[in-house]
Amino acid sequence: MSPAPASGPTTLISGPDTIALSGWGNYPTASTELLAPPTPAGIQVCLVERSGVIARGAGRAYGDAAVGTQFTVSSLGLHRMRSFDAVSSRLTVEAGVTVADILADFVPRGLFLKVVPGTKFVTIGGAIAADVHGKNHHRDGGFGNVVDSFRLALSGGGIVTCSRSENEELFAATLGGMGLTGMILEATIQLRPIETAWLRQETYTAPNLDAAIDQLENGSSATYSVAWIDCLARGASLGRSLIYFAEHATRQDRNTLGPELEMFEAARHSRLSVPKLFPAWLLNRASMRAFNELYYQRGAAREGKSRLVHWDPYFFPLDAIANWNRIYGRRGFVQYQCVIPLDRARRVLAEILDRVSRRGDASFLAVLKQLGVGSGLISFPLRGYTLTMDFPITNTILAFLDDLDKLVMDAGGRLYLAKDSRQSRATFESGYPGLGALRDVRQQIGATTRLVSHLSARLGI
Ligand SMILES: Cc1cc2nc3c(=O)[nH]c(=O)nc-3n(C[C@H](O)[C@H](O)[C@H](O)COP(=O)(O)OP(=O)(O)OC[C@H]3O[C@@H](n4cnc5c(N)ncnc54)[C@H](O)[C@@H]3O)c2cc1C
């Protein structure tokens, strides 16, 4: 198994036990006591004896979801793969095993995970707790759909098995429940067969947002689809995009498009890394405009052509640059991810993009995806379009995002908790009708005051 990812814990040590910890966005930072028990029994002890505790996986949630108000319990000590049933392709792993670990072991055997997020450096516990989505959510649903069952350590002391037929309510509350029902110790998940390590990708251009949504809609039979949006384009070009559709390549695809390639070529590991003192001013309007233009033109040159892309750069392009989150400098950044219901998506996303392009400081990493319905009580997805953008922390950004929240709220949309570090309770409550049911479950299992992250305290979950 490959080692656990060097990760997330951004540590500004303030004492022997208490550290300052943040998520991937390096904003906000809060002090907490970080505990790292190596066994399930150790985790149980941490939960039973303490209040203000939350689980932490690889720390890839952007905001304050994986920082406990008093204690943060790392799952990275739980890194063993338990069993694999070759007939059903079911794999049982401890919660701290990462997507990277699983793909490194199983791609050479012709198996893949049916749902993966945009980084492979997430743990299985974190993937379940955020019910993460991939580029195929509109077709295959979220990570919850890949999970058969899991074992959950409760704050009151017991361990329960949850599935769609056993402790169903707790199962639904834990999918997307952001660690607020207990700590997942291990899970059984379903893998899917693949014929090669490659994806057959086609790229298209869309001159504006309407055209991008038309293309995504017309191509919704593709397994994977995503649009990269140029957030600096304005006027008639507002929302101009590159649209990517992809399928797992068959042997025949590889024979036709890349006979020189190995069927199951290993992933290449990049050594690129952003230094700690990366000057944030390098990321300015002019440099981003130049990058966007180059990127768009490179995509346009490939328009309509099929090409093979290795699974690693296809699904996880940002993983090639270690610590890329440092490009935003010491103050950190927020990732703003909203979803807007289908019938209002065009109008509201155009308004959001217009405001963002006028402001001019969203990153080049803006992504538009289709989503289907979510599986958990407070899973993020709903049928519609999700837009994701990064913004460096500045003196004015939080007020600007509060205004975007109003557009999202009025449209019946919501913000993704795994990316959140700043939304208000009112925004959260208006977006998540399953909140009452989650609160009931938390009360029944005695988790309300025991399992508390900075996110749950801020949002009153
Ligand atoms: C570059 C990048 C790209 C991303 N792309 C996507 C994407 O495409 N789609 C998407 O959905 N998300 C995406 N994410 C977000 C990421 O997938 C989620 O935040 C995921 O939850 C991170 O997993 P983790 O192991 O790092 O968990 P952490 O960040 O450590 O924790 C996240 C949440 O899970 C809980 N948790 C962690 N482990 C356990 C456990 N064992 N038991 C119970 N609760 C637990 C924590 O309490 C916390 O609430 C991306 C993140 C990055 C950095």
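For ligands, and for the atoms within them, numbers begin at 1 and follow the listed sequence. As the structure is a computational prediction, the values presented were derived from the model and not from experiment. Every heavy atom of this structure was used, including side-chain atoms; hydrogens, water molecules and symmetry mates were not.
The protein heavy-atom contact nearest to atom 42 (N) of ligand 1 is Ile184 N, 2.8 Å. Looking from atom 30 (O) of ligand 1 to the surrounding protein, the closest heavy atom is Gly57 N, 2.7 Å. Nearest to atom 36 (N) of ligand 1 among the protein's heavy atoms is Ala129 CB, 3.7 Å. Protein heavy atom in closest approach to atom 15 (C) of ligand 1: Lys419 CE, 3.7 Å. Of the protein's non-hydrogen atoms, Gly118 N, 3.8 Å is the one closest to atom 4 (C) of ligand 1. Looking at atom 46 (C) of ligand 1, its nearest protein heavy atom turns out to be Ala55 O, 3.1 Å. In this structure, the protein non-hydrogen atom closest to atom 31 (O) of ligand 1 is Ala66 CB, 3.5 Å. Of the protein's non-hydrogen atoms, Thr123 OG1, 2.7 Å is the one closest to atom 25 (O) of ligand 1.
For Tyr416, every heavy-atom contact with ligand 1 shorter than 4.0 Å involves the side chain, none the backbone. Of the heavy atoms in Trp324, only side-chain atoms (C-beta onward) come closer than 4.0 Å to ligand 1. Only side-chain heavy atoms of Lys369 come within less than 4.0 Å of ligand 1; its backbone N, CA, C and O stay farther off. Contact annotation for Ala65 and ligand 1: heavy atoms of both the backbone and the side chain come within less than 4.0 Å of the ligand.
Ser456 pairs by the side-chain contact (heavy atoms from CB on, under 4.5 Å) definition with Leu180, Val452, Ser453, Ile461, not counting sequence neighbours.
Near Tyr62, the atoms of ligand 1 lying under 4.0 angstrom from a non-hydrogen atom of the residue are 1 (C), 2 (C), 51 (C), 52 (C), 53 (C). Proximity to Trp24 (heavy-atom distance under 4.0 Å) selects the following atoms of ligand 1: 53 (C). Residue-ligand proximity, Ala418 to ligand 1, at heavy-atom distances under 4.0 Å covers atoms 19 (O). With ligand atoms numbered from 1 in the order given, ligand 1 contributes 19 (O), 22 (C), 29 (O), 32 (C) to contacts under 4.0 Å with heavy atoms of Ala61. Near Gly179, meaning under 4.0 Å from one of its heavy atoms, ligand 1 places the atoms 43 (C), 44 (N), 47 (O). Close contacts of ligand 1 with Ile54, meaning ligand atoms under 4.0 Å from a residue heavy atom, involve 47 (O). Proximity to Ala130 (heavy-atom distance under 4.0 Å) selects the following atoms of ligand 1: 21 (O).
The number of heavy-atom neighbours closer than 6.0 Å to CD of Glu202, taken from other residues, nucleotides and ligands shown, is above 12. For Gln443, the CD atom sits in a loose shell: 12 or fewer heavy atoms of surrounding residues, nucleotides or ligands are nearer than 6.0 Å.
Here the options are His248, Lys369, Gln201, the test is side-chain hydrogen bond (donor to acceptor under 3.5 Å, both in side chains), and the partner is Tyr224; only His248 passes. Of the listed residues (Gln337, Arg458, Arg414, Gln335), just one forms a side-chain hydrogen bond (donor to acceptor under 3.5 Å, both in side chains) with Asp420, and that residue is Arg458.
Checked against a 6.0 Å centroid threshold, the rings of Trp228 and Tyr244 do not count as neighbours. The aromatic ring centroids of Tyr416 and Tyr336 lie 6.0 Å or more from each other. In summary, the aromatic rings of Phe333 and Tyr62 are positioned with their centroids under 6.0 Å apart.
Residue contacts with ligand 1: Ser453 is excluded, as none of its non-hydrogen atoms falls under 4.0 Å.
Selection from Gly125, Pro117, Gly182 by nearest heavy atom to atom 43 (C) of ligand 1 gives Gly182. Evaluated by nearest non-hydrogen atom to atom 24 (P) of ligand 1, the leading choice among Ala58, Ser456, Ser74, Gly68 is Ala58. Among Leu417, Leu76, Thr119, the residue whose heavy atom lies closest to atom 52 (C) of ligand 1 is Thr119. In the candidate list Gly59, Gly63, Ala95, Gly59 is nearest to atom 28 (P) of ligand 1, counting heavy atoms.
Of the polar atoms of Asp131, none of the N or O atoms is found under 3.5 Å from an N or O of ligand 1, judged by distance alone.
A salt bridge links Asp230 with Arg240; the closest basic N to acidic carboxylate O contact falls under 4.0 Å. For the pair Glu429 and Arg439, the salt-bridge criterion is met [side-chain N within less than 4.0 Å of a carboxylate O]. Salt-bridge check for Asp312 with Lys120: passed, with a basic side-chain N closer than 4.0 Å to an acidic carboxylate O. In this structure, Asp405 pairs ionically with Arg422, as a charged nitrogen and a carboxylate oxygen lie closer than 4.0 Å. A salt bridge does not link Arg200 with Glu247: none of the charged nitrogens is closer than 4.0 Å to a carboxylate oxygen.
Judged as a ring-ring contact (aromatic ring centres under 6.0 Å, His included), the pairs with a partner in residues 148-177 (not counting sequence neighbours) are, in order, Phe150-Phe171.
Residues Leu387 and Ile229 share a closest heavy-atom pair of CD1-CD1, 4.0 Å.
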